[in-house]
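Working notes, beginning with the structure itself.
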2 protein chains.
Amino acid sequence: MNAADVSIETIHHELTAFARRARASAGRLHPELSLVSYTLLGHLEDVGGCRATDLAAHYALDKSTVSRQVSALERAGLVERRADAQDQRVQVLHLTPAGKEILAQVTASRRVAFRERLAGWPEEDLERFAGYLLRYNAAAGGVMFRAAPASD
Amino acid sequence: MNAADVSIETIHHELTAFARRARASAGRLHPELSLVSYTLLGHLEDVGGCRATDLAAHYALDKSTVSRQVSALERAGLVERRADAQDQRVQVLHLTPAGKEILAQVTASRRVAFRERLAGWPEEDLERFAGYLLRYNAAAGGVMFRAAPASD
DNA sequence: TCTTCTGGTTGCACCGTACAACTAAGTGGT
DNA sequence: ACCACTTAGTTGTACGGTGCAACCAGAAGA
């Protein structure tokens, strides 16, 4: 096992640990906004409104899951559905002011957490780390794990 | 917003994306071994057997959750419980040969996935990336998000 | 028009999780 | 020796997130 393999093993291990920890702790702080809800709201803000189908495709979620998430967010008053003039089936989703507010709060609080955790890092390392994550996620392309090589 | 803040924002965004993606896709490949089961088995292999309470403490899970996970793993024949001579309450958990086998398979297949995704990276970048993740996770110290700064 | 496609909802089942109540076993004080 | 307290683990219950399948309503094309 050469040095590159050791590094890959470490990356594997640490990213797995991160994912597990995120899963375990994501819901406990900000109970009003789960990790998925948060990313959904964030996407709506980024793109400025889209359809439920777009969310499902973008996040590789089942449309039923998105439907329920959106229902919950609407019930909470964070998103609103607007009819589409061209197509009566689609409902364009938009953030409400309350949704923008909550999203901003949660983002700010999480940013603080990340900033604390990254305090003391040289700017050069921050930039490289960010670059590596971008590059890695781009390569991951929406799927975290591939199927087993030979067993299927 | 200076360059460091931009980097931190990117790290925040990309790690969040990774966590969400992991959550969404972890269960679909290797349905026989969820992300949690996998890390539990991995820990048992690393430390060579421990108590359910140790697992709960190490992964910040409720003991009931661990109890059920362990029960499932035992039912699947991947771990076995051994009585402790000193304390009749504790059951020391060990991987069975089948557990070692499955763990090795899943690890291998995931390693392949990571290796593919990291193919073409210069060895220097791999080492730095691994180092950054280690450093970040060490700073995270078991909790992914801190409470909101002022709202509570 | 009639069939097919598409956006979305709902019923159902499953998993992972927490909390609370509980049992069984060890520990310590009197 | 006994009783209170702690600790390890299980079980009941509830909840949130997820996928699949069935379904409905609107749109598009043969």
Side-chain angles (χ1 to χ4, degrees), chain A residues 16 19-41 49-76 78-93 142-145, chain B residues 19-41 49-76 79-93 143-144:
Chain A
T16 300
R20 186 197 38 69
R21 183 179 308 139
R23 178 186 191 110
S25 72
R28 281 202 272 287
L29 295 319
H30 306 297
E32 72 280 8
L33 210 55
S34 75
L35 189 58
V36 177
S37 302
Y38 175 73
T39 55
L40 259 38
L41 288 188
C50 69
R51 305 173 304 165
T53 297
D54 300 332
L55 291 177
H58 192 263
Y59 290 113
L61 291 170
D62 193 82
K63 57 182 180 169
S64 64
T65 300
V66 173
S67 173
R68 283 180 244 269
Q69 291 286 338
V70 169
S71 297
L73 290 173
E74 187 193 26
R75 223 175 306 124
L78 307 182
V79 306
E80 61 178 7
R81 311 163 128 110
R82 296 186 192 158
D84 183 303
Q86 272 67 42
D87 189 335
Q88 289 306 111
R89 294 170 303 175
V90 326
Q91 33 191 261
V92 185
L93 305 170
V143 186
M144 182 180 182
F145 305 125
Chain B
R20 187 199 35 69
R21 183 181 306 138
R23 178 187 190 108
S25 72
R28 281 202 275 286
L29 294 319
H30 307 296
E32 72 281 6
L33 211 55
S34 75
L35 189 57
V36 178
S37 302
Y38 176 73
T39 56
L40 260 37
L41 288 188
C50 70
R51 304 173 304 165
T53 297
D54 299 332
L55 291 177
H58 193 263
Y59 290 113
L61 292 170
D62 193 83
K63 56 182 180 169
S64 64
T65 300
V66 173
S67 174
R68 284 181 241 269
Q69 289 287 336
V70 168
S71 296
L73 290 173
E74 188 193 26
R75 224 176 304 123
V79 306
E80 60 178 7
R81 311 163 126 110
R82 296 187 193 157
D84 183 303
Q86 271 68 44
D87 190 335
Q88 288 305 113
R89 293 171 303 176
V90 326
Q91 34 192 253
V92 186
L93 306 170
V143 186
M144 183 178 181

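Just so it is clear: chains get the letters A, B, ... in the order the sequence lines come, proteins before strands, and each one is counted from 1.
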**Report entry** Residue Arg51(B), side-chain heavy atoms: nucleotide from dG16(C), dG9(D), dT18(D) that is nearest
**Finding:** dG9(D)
Query raised in the report: What are the two closest heavy atoms between Val79(A) and Val70(A), and how far apart are they?
Result: CG2-O, 4.0 Å
**Report entry** Nearest-angstrom distance from the residue atom CG of Leu40(B) to P of dC15(C)
**Finding:** 16 Å
Report task. Identify whether any heavy atom of Val36(B) sits under 4.0 Å from a base atom; if not, whether one sits that close to sugar-phosphate; answer base, sugar-phosphate or nothing. Result -> sugar-phosphate
Report summary line: Leu55(A) CG to dG8(C) C1', in whole Å, measures 13 Å
**Report entry** Between dG17(D) (P) and Arg75(A) (CZ): distance, integer Å
**Finding:** 11 Å
Query - salt bridge (charged side-chain N to carboxylate O under 4.0 Å, His left out) contacts in which one or both residues fall within residues 54-64 of chain A, not counting sequence neighbours - result: Arg51(A)-Asp54(A)
Report task. Take Val66(A) and Tyr59(A) through the side chain to side chain contact (heavy atoms under 4.5 Å, CB included) test and state the conclusion after the steps. Result -> CA-CA 9 Å; Val66(A) 173; Tyr59(A) 290 113; over 6 Å; no
Query - Side chains of Ser37(A) and Leu73(A) in contact at under 4.5 Å (non-hydrogen atoms) - result: yes
Report task. For the residue pair Ser67(B) and Ser64(B), confirm or rule out a side-chain donor-acceptor distance under 3.5 Å. Result -> no
Query raised in the report: Are Ser71(A) and Arg81(A) close enough that some pair of their side-chain heavy atoms sits under 4.5 Å apart?
Result: yes
Report task. Look at the side-chain N and O atoms of Gln69(B) and state whether any lies under 4.0 Å from the OP1 or OP2 oxygen of dT17(C). Result -> yes
Requested in this report: Apply the test side chain to side chain contact (heavy atoms under 4.5 Å, CB included) to residues Gln69(B) and Val36(B): give CA-CA distance (whole Å), side-chain angles for both, the deciding distance (0.1 Å), then the verdict.
Outcome: CA-CA 8 Å; Gln69(B) 289 287 336; Val36(B) 178; 4.2 Å; yes
Query raised in the report: Tell me, do Thr39(B) and Leu33(B) make a side-chain contact under 4.5 Å, heavy atoms counted?
Result: no
Query - Distance in angstrom units between Leu61(A) CG and dG8(C) P, rounded - result: 14 Å
Return the polar atom pairs (N/O with N/O) between nucleotides 11-13 of chain D and the protein under 3.5 Å, or none.
from: dG12(D); atom 1: O6; to: Arg68(B); atom 2: NH2; distance (Å): 2.2
from: dT13(D); atom 1: O4; to: Arg68(B); atom 2: NH2; distance (Å): 3.3

**Report entry** Close side-chain approach of Leu55(B) to Leu61(B), heavy-atom, < 4.5 Å
**Finding:** no
Query raised in the report: Which part of the nucleic acid, if any, lies within contact of Val70(A), taking any heavy atom under 4.0 Å across all strands shown: a base, the sugar-phosphate backbone alone, or nothing?
Result: nothing
Report summary line: Here the residues of residues 81-91 of chain A within 4.0 Å heavy-atom distance, strictly under, of DNA chain C are Arg81(A), Arg89(A), Val90(A), Gln91(A)
Requested in this report: Send over the distance from Leu73(A) CG to dG8(C) P, rounded to a whole Å.
Outcome: 15 Å
